[in-house]
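When a residue number appears, it is its place in the shown sequence, counting from 1. As a basis for the values below, the full set of heavy atoms in this structure was taken, side chains included, without hydrogen atoms, waters or symmetry mates.
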Amino acid sequence: MTHVVPADPQVLVTVKKKAQPSRSWAVLDSNGETTLLDVDKYAIMHRVNIHARDLRILDPLLSYPSTILGRDGAIVLNLEQHIKAIITAEEVLLRDPSGEYVVPVVQELQRHLPVVNAINQGPEAIGQIDVEAADECVSPFEFRALEVALESICSFLAARTLELETAAYPALDELTSLISSRNLDRVRKLKSAMTRLTARVQKVRDALEQLLDDDDDMADLYLSRKLAASSPVSGSGAANWYAVSPTIGSKISKASRGSIATIHGDENDVEELEMLLEAYFMQIDGTLNKLTTLREYIDDTEDYINIQLDNHRNQLIQLELFLSSGSVCLSVYALVAAIFGMNIPFTWNDNHGYVFKWVVIISGLLSALLFILIMSYARLKGLVGS
(Lines give C-alpha, C1' and ligand atoms only; values in the text may rest on other atoms or scores of the structure.)
Protein backbone atom coordinates (compact mmCIF):
# COMPACT_ATOMS: atom_id res chain seq x y z
CA MET A 1 0.00 0.00 0.00
CA THR A 2 1.43 3.36 -1.04
CA HIS A 3 0.68 6.72 0.61
CA VAL A 4 1.71 10.10 -0.73
CA VAL A 5 2.63 12.53 2.01
CA PRO A 6 2.65 16.19 0.90
CA ALA A 7 5.58 18.29 1.90
CA ASP A 8 5.33 20.71 4.77
CA PRO A 9 4.37 24.21 3.47
CA GLN A 10 7.09 25.79 5.62
CA VAL A 11 9.60 23.47 4.05
CA LEU A 12 8.42 24.45 0.57
CA VAL A 13 8.79 28.13 1.43
CA THR A 14 12.30 27.53 2.69
CA VAL A 15 13.20 25.60 -0.43
CA LYS A 16 11.79 28.32 -2.66
CA LYS A 17 13.71 31.01 -0.81
CA LYS A 18 16.97 29.14 -1.10
CA ALA A 19 16.27 28.10 -4.71
CA GLN A 20 16.93 24.46 -3.93
CA PRO A 21 14.86 21.89 -5.82
CA SER A 22 12.86 19.33 -3.85
CA ARG A 23 14.00 15.73 -3.82
CA SER A 24 11.77 12.69 -4.11
CA TRP A 25 12.25 9.88 -1.59
CA ALA A 26 10.54 6.55 -1.00
CA VAL A 27 10.27 5.40 2.60
CA LEU A 28 9.72 1.67 3.23
CA ASP A 29 8.94 0.50 6.74
CA SER A 30 9.26 -2.96 8.25
CA ASN A 31 5.83 -3.91 6.87
CA GLY A 32 6.93 -3.20 3.32
CA GLU A 33 4.56 -0.25 3.00
CA THR A 34 5.89 2.57 0.84
CA THR A 35 5.46 6.27 1.53
CA LEU A 36 6.53 8.89 -0.99
CA LEU A 37 8.14 12.05 0.37
CA ASP A 38 8.90 15.27 -1.43
CA VAL A 39 11.15 17.14 0.96
CA ASP A 40 14.51 18.85 0.94
CA LYS A 41 17.75 17.58 2.40
CA TYR A 42 17.25 19.31 5.75
CA ALA A 43 14.07 17.33 6.41
CA ILE A 44 15.92 14.11 5.57
CA MET A 45 18.84 15.06 7.80
CA HIS A 46 16.44 15.71 10.68
CA ARG A 47 14.51 12.49 10.03
CA VAL A 48 17.50 10.10 10.06
CA ASN A 49 19.89 12.24 12.12
CA ILE A 50 22.87 12.38 9.75
CA HIS A 51 25.21 15.18 8.75
CA ALA A 52 25.08 17.15 5.53
CA ARG A 53 28.39 15.68 4.36
CA ASP A 54 26.89 12.18 4.57
CA LEU A 55 23.78 13.22 2.66
CA ARG A 56 25.93 14.92 0.04
CA ILE A 57 27.25 11.49 -0.91
CA LEU A 58 23.75 10.65 -2.20
CA ASP A 59 23.47 13.78 -4.34
CA PRO A 60 22.91 12.60 -7.94
CA LEU A 61 24.49 15.79 -9.26
CA LEU A 62 27.80 14.93 -7.60
CA SER A 63 30.08 12.06 -8.47
CA TYR A 64 31.04 10.00 -5.44
CA PRO A 65 32.47 6.48 -5.46
CA SER A 66 30.44 3.57 -4.13
CA THR A 67 30.31 3.87 -0.36
CA ILE A 68 28.77 2.08 2.62
CA LEU A 69 28.93 4.25 5.73
CA GLY A 70 27.76 3.35 9.22
CA ARG A 71 26.51 6.19 11.40
CA ASP A 72 24.92 6.31 14.85
CA GLY A 73 21.41 5.56 13.68
CA ALA A 74 21.66 4.98 9.94
CA ILE A 75 23.56 3.34 7.11
CA VAL A 76 24.36 5.63 4.19
CA LEU A 77 24.42 3.54 1.03
CA ASN A 78 25.72 4.83 -2.30
CA LEU A 79 26.03 2.07 -4.88
CA GLU A 80 26.51 3.38 -8.40
CA GLN A 81 24.11 5.99 -9.72
CA HIS A 82 20.82 4.19 -9.10
CA ILE A 83 21.00 2.86 -5.53
CA LYS A 84 21.23 5.78 -3.14
CA ALA A 85 19.62 4.88 0.15
CA ILE A 86 19.59 5.56 3.86
CA ILE A 87 18.84 2.53 6.05
CA THR A 88 17.76 2.83 9.66
CA ALA A 89 16.71 0.16 12.13
CA GLU A 90 13.05 0.69 11.18
CA GLU A 91 12.84 2.07 7.63
CA VAL A 92 14.64 2.48 4.32
CA LEU A 93 14.79 5.76 2.40
CA LEU A 94 15.47 5.49 -1.33
CA ARG A 95 16.25 8.49 -3.47
CA ASP A 96 14.40 9.01 -6.76
CA PRO A 97 12.02 6.02 -6.40
CA SER A 98 10.65 6.49 -9.93
CA GLY A 99 14.05 5.88 -11.52
CA GLU A 100 14.44 3.08 -14.01
CA TYR A 101 16.84 1.10 -11.83
CA VAL A 102 15.26 2.01 -8.47
CA VAL A 103 11.79 0.59 -9.13
CA PRO A 104 13.02 -3.06 -9.05
CA VAL A 105 14.86 -2.34 -5.81
CA VAL A 106 11.69 -0.95 -4.24
CA GLN A 107 9.77 -4.04 -5.33
CA GLU A 108 12.39 -6.35 -3.84
CA LEU A 109 12.35 -4.43 -0.58
CA GLN A 110 8.56 -4.66 -0.44
CA ARG A 111 8.85 -8.41 -0.90
CA HIS A 112 11.66 -9.13 1.57
CA LEU A 113 11.22 -6.65 4.41
CA PRO A 114 7.82 -7.82 5.77
CA VAL A 115 8.83 -11.49 6.06
CA VAL A 116 9.87 -11.19 9.69
CA ASN A 117 6.53 -9.66 10.67
CA ALA A 118 4.72 -12.91 9.86
CA ILE A 119 6.05 -14.19 13.16
CA ASN A 120 3.66 -11.94 15.05
CA GLN A 121 0.62 -12.61 12.82
CA GLY A 122 -0.28 -16.05 14.11
CA PRO A 123 -0.86 -19.40 12.35
CA GLU A 124 -2.68 -17.81 9.42
CA ALA A 125 0.51 -16.15 8.19
CA ILE A 126 2.63 -19.27 8.52
CA GLY A 127 1.24 -20.89 5.42
CA GLN A 128 2.18 -17.82 3.40
CA ILE A 129 5.92 -18.18 3.98
CA ASP A 130 8.18 -21.10 3.28
CA VAL A 131 11.00 -22.57 5.26
CA GLU A 132 13.63 -20.60 3.38
CA ALA A 133 11.82 -17.38 4.13
CA ALA A 134 11.96 -18.22 7.82
CA ASP A 135 15.74 -18.15 7.64
CA GLU A 136 15.57 -14.47 6.78
CA CYS A 137 14.16 -13.82 10.23
CA VAL A 138 17.65 -14.35 11.58
CA SER A 139 18.87 -11.09 10.07
CA PRO A 140 17.95 -7.70 11.52
CA PHE A 141 15.92 -5.27 9.44
CA GLU A 142 18.92 -3.23 8.29
CA PHE A 143 20.76 -6.34 7.09
CA ARG A 144 17.79 -7.51 5.03
CA ALA A 145 17.59 -4.09 3.40
CA LEU A 146 21.34 -4.03 2.85
CA GLU A 147 21.21 -7.50 1.33
CA VAL A 148 18.54 -6.43 -1.17
CA ALA A 149 20.66 -3.44 -2.21
CA LEU A 150 23.81 -5.52 -2.59
CA GLU A 151 21.95 -8.23 -4.49
CA SER A 152 20.53 -5.60 -6.83
CA ILE A 153 23.85 -3.93 -7.62
CA CYS A 154 25.72 -7.22 -7.98
CA SER A 155 23.05 -8.63 -10.29
CA PHE A 156 22.99 -5.41 -12.30
CA LEU A 157 26.75 -5.37 -12.82
CA ALA A 158 26.80 -9.10 -13.57
CA ALA A 159 24.09 -8.61 -16.20
CA ARG A 160 26.03 -5.73 -17.80
CA THR A 161 29.14 -7.91 -17.82
CA LEU A 162 27.28 -10.76 -19.50
CA GLU A 163 25.94 -8.40 -22.17
CA LEU A 164 29.44 -7.08 -22.77
CA GLU A 165 30.90 -10.59 -23.03
CA THR A 166 28.15 -11.63 -25.45
CA ALA A 167 29.00 -8.71 -27.74
CA ALA A 168 32.78 -8.63 -27.27
CA TYR A 169 33.93 -12.19 -27.94
CA PRO A 170 32.27 -12.53 -31.38
CA ALA A 171 33.52 -9.06 -32.33
CA LEU A 172 37.08 -9.96 -31.36
CA ASP A 173 36.94 -13.23 -33.29
CA GLU A 174 35.61 -11.39 -36.32
CA LEU A 175 38.40 -8.84 -36.04
CA THR A 176 41.07 -11.54 -36.03
CA SER A 177 39.63 -12.99 -39.24
CA LEU A 178 39.14 -9.66 -40.99
CA ILE A 179 40.95 -6.50 -39.99
CA SER A 180 38.81 -3.60 -41.19
CA SER A 181 37.96 -0.10 -40.05
CA ARG A 182 34.44 -1.19 -39.11
CA ASN A 183 35.62 -4.07 -36.91
CA LEU A 184 38.34 -1.95 -35.33
CA ASP A 185 35.87 0.79 -34.44
CA ARG A 186 33.46 -1.79 -33.03
CA VAL A 187 36.13 -3.31 -30.81
CA ARG A 188 37.27 0.16 -29.74
CA LYS A 189 33.77 0.99 -28.49
CA LEU A 190 33.52 -2.35 -26.69
CA LYS A 191 36.87 -1.81 -25.03
CA SER A 192 35.80 1.64 -23.85
CA ALA A 193 32.59 0.15 -22.42
CA MET A 194 34.61 -2.57 -20.70
CA THR A 195 36.94 0.01 -19.14
CA ARG A 196 34.02 2.00 -17.75
CA LEU A 197 32.27 -1.12 -16.46
CA THR A 198 35.48 -2.40 -14.86
CA ALA A 199 35.86 0.89 -13.00
CA ARG A 200 32.30 0.64 -11.70
CA VAL A 201 32.74 -2.95 -10.54
CA GLN A 202 36.10 -2.10 -8.97
CA LYS A 203 34.54 0.73 -6.94
CA VAL A 204 31.85 -1.55 -5.52
CA ARG A 205 34.43 -4.23 -4.77
CA ASP A 206 36.69 -1.69 -3.04
CA ALA A 207 33.79 -0.47 -0.91
CA LEU A 208 33.02 -4.01 0.28
CA GLU A 209 36.68 -4.84 0.80
CA GLN A 210 37.28 -1.69 2.82
CA LEU A 211 34.30 -2.52 5.00
CA LEU A 212 35.40 -6.13 5.49
CA ASP A 213 38.88 -5.04 6.54
CA ASP A 214 37.60 -3.00 9.49
CA ASP A 215 35.56 -4.72 12.21
CA ASP A 216 34.72 -1.38 13.80
CA ASP A 217 33.10 -0.16 10.60
CA MET A 218 31.07 -3.37 10.39
CA ALA A 219 30.03 -3.00 14.03
CA ASP A 220 28.68 0.46 13.20
CA LEU A 221 26.19 -1.16 10.81
CA TYR A 222 24.47 -3.08 13.63
CA LEU A 223 21.67 -0.55 14.07
CA SER A 224 19.29 -2.97 15.81
CA ARG A 225 21.97 -3.76 18.37
CA LYS A 226 22.44 -0.06 19.10
CA LEU A 227 18.68 0.41 19.35
CA ALA A 228 18.32 -2.60 21.64
CA ALA A 229 21.03 -1.23 23.91
CA SER A 230 18.82 1.77 24.68
CA SER A 231 15.46 -0.05 24.61
CA PRO A 232 15.69 -3.84 25.10
CA VAL A 233 13.05 -5.87 23.27
CA SER A 234 10.99 -8.72 24.62
CA GLY A 235 11.38 -12.20 23.24
CA SER A 236 7.76 -13.26 23.91
CA GLY A 237 6.78 -12.75 20.26
CA ALA A 238 9.11 -15.44 19.08
CA ALA A 239 8.04 -17.77 21.86
CA ASN A 240 4.52 -17.97 20.42
CA TRP A 241 5.99 -19.45 17.27
CA TYR A 242 7.49 -22.64 18.51
CA ALA A 243 4.40 -24.82 18.85
CA VAL A 244 2.91 -23.96 15.49
CA SER A 245 4.83 -26.31 13.22
CA PRO A 246 7.78 -28.64 13.88
CA THR A 247 9.59 -27.60 10.73
CA ILE A 248 8.93 -23.90 11.03
CA GLY A 249 9.43 -24.14 14.76
CA SER A 250 12.98 -25.41 14.33
CA LYS A 251 13.67 -22.64 11.88
CA ILE A 252 12.26 -19.96 14.14
CA SER A 253 14.15 -21.43 17.07
CA LYS A 254 17.27 -20.91 15.08
CA ALA A 255 16.07 -17.45 14.10
CA SER A 256 15.35 -16.54 17.69
CA ARG A 257 18.78 -17.62 18.82
CA GLY A 258 20.33 -15.60 15.99
CA SER A 259 18.30 -12.50 16.86
CA ILE A 260 19.13 -12.76 20.55
CA ALA A 261 22.80 -13.19 19.72
CA THR A 262 22.66 -10.20 17.42
CA ILE A 263 20.99 -7.94 19.98
CA HIS A 264 22.57 -9.04 23.23
CA GLY A 265 25.87 -10.43 21.97
CA ASP A 266 29.28 -8.95 22.03
CA GLU A 267 29.51 -5.57 20.34
CA ASN A 268 32.57 -6.75 18.45
CA ASP A 269 30.78 -9.83 17.09
CA VAL A 270 30.35 -9.03 13.39
CA GLU A 271 30.29 -12.58 12.07
CA GLU A 272 26.75 -12.33 10.69
CA LEU A 273 27.43 -9.16 8.71
CA GLU A 274 30.84 -10.40 7.67
CA MET A 275 29.33 -13.54 6.15
CA LEU A 276 26.75 -11.41 4.33
CA LEU A 277 29.35 -9.04 2.91
CA GLU A 278 31.75 -11.84 1.99
CA ALA A 279 29.05 -13.55 -0.08
CA TYR A 280 28.50 -10.47 -2.21
CA PHE A 281 32.19 -9.66 -2.21
CA MET A 282 32.84 -13.03 -3.82
CA GLN A 283 30.06 -12.38 -6.32
CA ILE A 284 31.37 -8.95 -7.32
CA ASP A 285 34.92 -10.32 -7.36
CA GLY A 286 33.78 -13.03 -9.78
CA THR A 287 32.30 -10.33 -12.02
CA LEU A 288 35.59 -8.45 -11.88
CA ASN A 289 37.47 -11.63 -12.79
CA LYS A 290 35.25 -12.03 -15.86
CA LEU A 291 36.08 -8.50 -16.92
CA THR A 292 39.77 -9.15 -16.28
CA THR A 293 39.59 -12.27 -18.45
CA LEU A 294 37.87 -10.24 -21.16
CA ARG A 295 40.57 -7.58 -20.94
CA GLU A 296 43.26 -10.24 -21.31
CA TYR A 297 41.43 -11.64 -24.33
CA ILE A 298 41.32 -8.16 -25.85
CA ASP A 299 45.02 -7.67 -25.14
CA ASP A 300 45.81 -11.03 -26.76
CA THR A 301 43.73 -10.05 -29.78
CA GLU A 302 45.57 -6.73 -30.01
CA ASP A 303 48.92 -8.55 -29.86
CA TYR A 304 47.78 -10.93 -32.60
CA ILE A 305 46.63 -8.03 -34.77
CA ASN A 306 49.90 -6.19 -34.19
CA ILE A 307 51.80 -9.30 -35.29
CA GLN A 308 49.67 -9.47 -38.42
CA LEU A 309 50.23 -5.80 -39.13
CA ASP A 310 53.98 -6.20 -38.58
CA ASN A 311 53.97 -9.10 -41.00
CA HIS A 312 52.17 -7.02 -43.63
CA ARG A 313 54.57 -4.16 -42.97
CA ASN A 314 57.54 -6.47 -43.49
CA GLN A 315 56.06 -7.69 -46.74
CA LEU A 316 55.75 -4.11 -47.92
CA ILE A 317 59.34 -3.44 -46.91
CA GLN A 318 60.45 -6.49 -48.89
CA LEU A 319 58.50 -5.30 -51.90
CA GLU A 320 60.01 -1.85 -51.58
CA LEU A 321 63.50 -3.33 -51.33
CA PHE A 322 62.84 -5.53 -54.36
CA LEU A 323 61.68 -2.56 -56.44
CA SER A 324 64.56 -0.40 -55.25
CA SER A 325 67.04 -3.12 -56.19
CA GLY A 326 65.45 -3.42 -59.62
CA SER A 327 65.69 0.35 -60.07
CA VAL A 328 69.40 0.27 -59.20
CA CYS A 329 69.99 -2.52 -61.69
CA LEU A 330 68.09 -0.76 -64.45
CA SER A 331 70.16 2.34 -63.84
CA VAL A 332 73.09 0.40 -65.34
CA TYR A 333 71.27 0.44 -68.68
CA ALA A 334 70.63 4.16 -68.22
CA LEU A 335 74.36 4.69 -67.67
CA VAL A 336 75.30 2.78 -70.81
CA ALA A 337 72.66 4.62 -72.81
CA ALA A 338 73.95 7.93 -71.51
CA ILE A 339 77.53 7.06 -72.53
CA PHE A 340 76.57 6.01 -76.02
CA GLY A 341 74.18 8.90 -76.37
CA MET A 342 76.81 11.58 -75.89
CA ASN A 343 77.47 13.66 -79.01
CA ILE A 344 81.22 13.06 -78.99
CA PRO A 345 83.01 11.64 -82.00
CA PHE A 346 84.77 8.31 -81.35
CA THR A 347 86.66 6.34 -83.93
CA TRP A 348 85.25 3.03 -82.66
CA ASN A 349 81.73 4.18 -83.47
CA ASP A 350 82.39 3.75 -87.16
CA ASN A 351 82.01 0.36 -88.79
CA HIS A 352 81.55 -1.43 -85.43
CA GLY A 353 77.81 -2.22 -85.38
CA TYR A 354 78.33 -5.58 -83.68
CA VAL A 355 79.50 -3.76 -80.53
CA PHE A 356 75.92 -2.80 -79.64
CA LYS A 357 74.94 -6.44 -79.24
CA TRP A 358 77.76 -7.14 -76.84
CA VAL A 359 77.13 -3.99 -74.86
CA VAL A 360 73.50 -4.99 -74.29
CA ILE A 361 74.48 -8.52 -73.25
CA ILE A 362 77.22 -7.40 -70.91
CA SER A 363 75.02 -4.68 -69.34
CA GLY A 364 72.25 -7.20 -68.71
CA LEU A 365 74.63 -9.64 -67.04
CA LEU A 366 76.07 -6.91 -64.84
CA SER A 367 72.56 -5.74 -63.84
CA ALA A 368 71.47 -9.30 -62.96
CA LEU A 369 74.66 -9.87 -60.97
CA LEU A 370 74.16 -6.60 -59.11
CA PHE A 371 70.54 -7.56 -58.30
CA ILE A 372 71.62 -10.96 -56.97
CA LEU A 373 74.29 -9.38 -54.79
CA ILE A 374 71.82 -6.86 -53.31
CA MET A 375 69.22 -9.52 -52.50
CA SER A 376 71.84 -11.85 -51.00
CA TYR A 377 73.04 -9.07 -48.74
CA ALA A 378 69.45 -8.31 -47.70
CA ARG A 379 68.82 -11.96 -46.79
CA LEU A 380 72.08 -12.06 -44.88
CA LYS A 381 70.98 -9.09 -42.77
CA GLY A 382 67.50 -10.53 -42.32
CA LEU A 383 65.75 -7.75 -44.23
CA VAL A 384 63.85 -10.22 -46.43
CA GLY A 385 62.68 -13.79 -45.99
CA SER A 386 64.54 -16.70 -47.42
Side-chain angles (χ1 to χ4, degrees), residues 161-199 201-202 288-386:
T161 301
L162 181 60
E163 292 178 0
L164 184 61
E165 287 180 328
T166 304
Y169 285 112
L172 292 170
D173 294 337
E174 185 178 354
L175 180 61
T176 55
S177 60
L178 176 61
I179 302 175
S180 63
S181 299
R182 174 180 171 275
N183 291 336
L184 286 172
D185 184 65
R186 182 183 176 189
V187 172
R188 179 188 63 82
K189 293 179 181 179
L190 289 172
K191 185 177 181 180
S192 299
M194 184 205 64
T195 302
R196 293 192 298 269
L197 182 59
T198 301
V201 174
Q202 185 67 51
L288 184 61
N289 289 336
K290 291 181 180 180
L291 291 172
T292 303
T293 303
L294 179 58
R295 175 179 291 276
E296 293 176 353
Y297 193 83
I298 291 177
D299 293 340
D300 293 340
T301 303
E302 290 179 347
D303 293 339
Y304 176 76
I305 292 174
N306 289 332
I307 292 174
Q308 282 189 326
L309 294 177
D310 290 341
N311 183 42
H312 294 326
R313 192 180 299 111
N314 292 336
Q315 291 178 356
L316 292 175
I317 293 174
Q318 292 179 15
L319 178 60
E320 182 182 5
L321 179 60
F322 183 83
L323 295 177
S324 299
S325 302
S327 299
V328 171
C329 295
L330 291 177
S331 65
V332 175
Y333 279 103
L335 177 62
V336 173
I339 292 175
F340 281 91
M342 290 187 295
N343 192 14
I344 300 175
F346 291 102
T347 56
W348 50 268
N349 281 340
D350 301 330
N351 300 324
H352 295 84
Y354 63 92
V355 175
F356 176 78
K357 180 177 63 176
W358 289 106
V359 169
V360 172
I361 295 174
I362 293 173
S363 300
L365 292 175
L366 290 176
S367 299
L369 180 61
L370 181 60
F371 180 78
I372 293 173
L373 290 176
I374 293 175
M375 297 304 295
S376 299
Y377 180 79
R379 290 193 180 94
L380 182 63
K381 295 299 182 180
L383 297 179
V384 295
S386 55

Show the numbers, then the answer: is there a side chain to side chain contact (heavy atoms under 4.5 Å, CB included) between L319 and L323? CA-CA 6 Å; L319 178 60; L323 295 177; 4.2 Å; yes

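- With sequence neighbours left out, the side-chain contact (heavy atoms from CB on, under 4.5 Å) criterion links A368 to no other residue.
- For S180, the side chain to side chain donor-acceptor pair (under 3.5 Å) criterion is met by N183, not counting sequence neighbours.
- By the 4.5 Å heavy-atom criterion applied to side chains, T176 and L172 are not counted as neighbours.
- The salt bridge (Lys or Arg N to Asp or Glu O under 4.0 Å) test applied to K191 returns E302, not counting sequence neighbours.
- Annotation: the span from L184 atom CG to I305 atom CD1 amounts to 6.0 Å, rounded to 0.5 Å.
- Scored by the side-chain contact (heavy atoms from CB on, under 4.5 Å) test, L365 finds I361 as partners (sequence neighbours excluded).
- Proximity of V187 to E174: side-chain heavy atoms (C-beta onward) are nowhere separated by under 4.5 Å.
- The side chain to side chain donor-acceptor pair (under 3.5 Å) test applied to Q308 returns Y304, not counting sequence neighbours.
- Qualifying side-chain contact (heavy atoms from CB on, under 4.5 Å) partners for R188, counting only residues two or more places apart in sequence or in other chains: D185.
- Listed here is the closest heavy atom pair of L190 and A168: CD1-CA, 3.7 Å.
- Legend: salt bridge (charged side-chain N to carboxylate O under 4.0 Å, His left out) pairs involving residues 313-328, not counting sequence neighbours, sorted by first then second residue: D310-R313.
- Judged as a side-chain contact (heavy atoms from CB on, under 4.5 Å), and not counting sequence neighbours, the contacts of T161 are E165, L197, T287, K290, L291.
- Rounding to the nearest 0.5 Å gives a distance of 5.5 Å between CG of L164 and CG of L294.
- Within the structure, ring-ring contact (aromatic ring centres under 6.0 Å, His included) contacts touching residues 164-193 (residues at least two apart or in different chains) are Y169-Y297.
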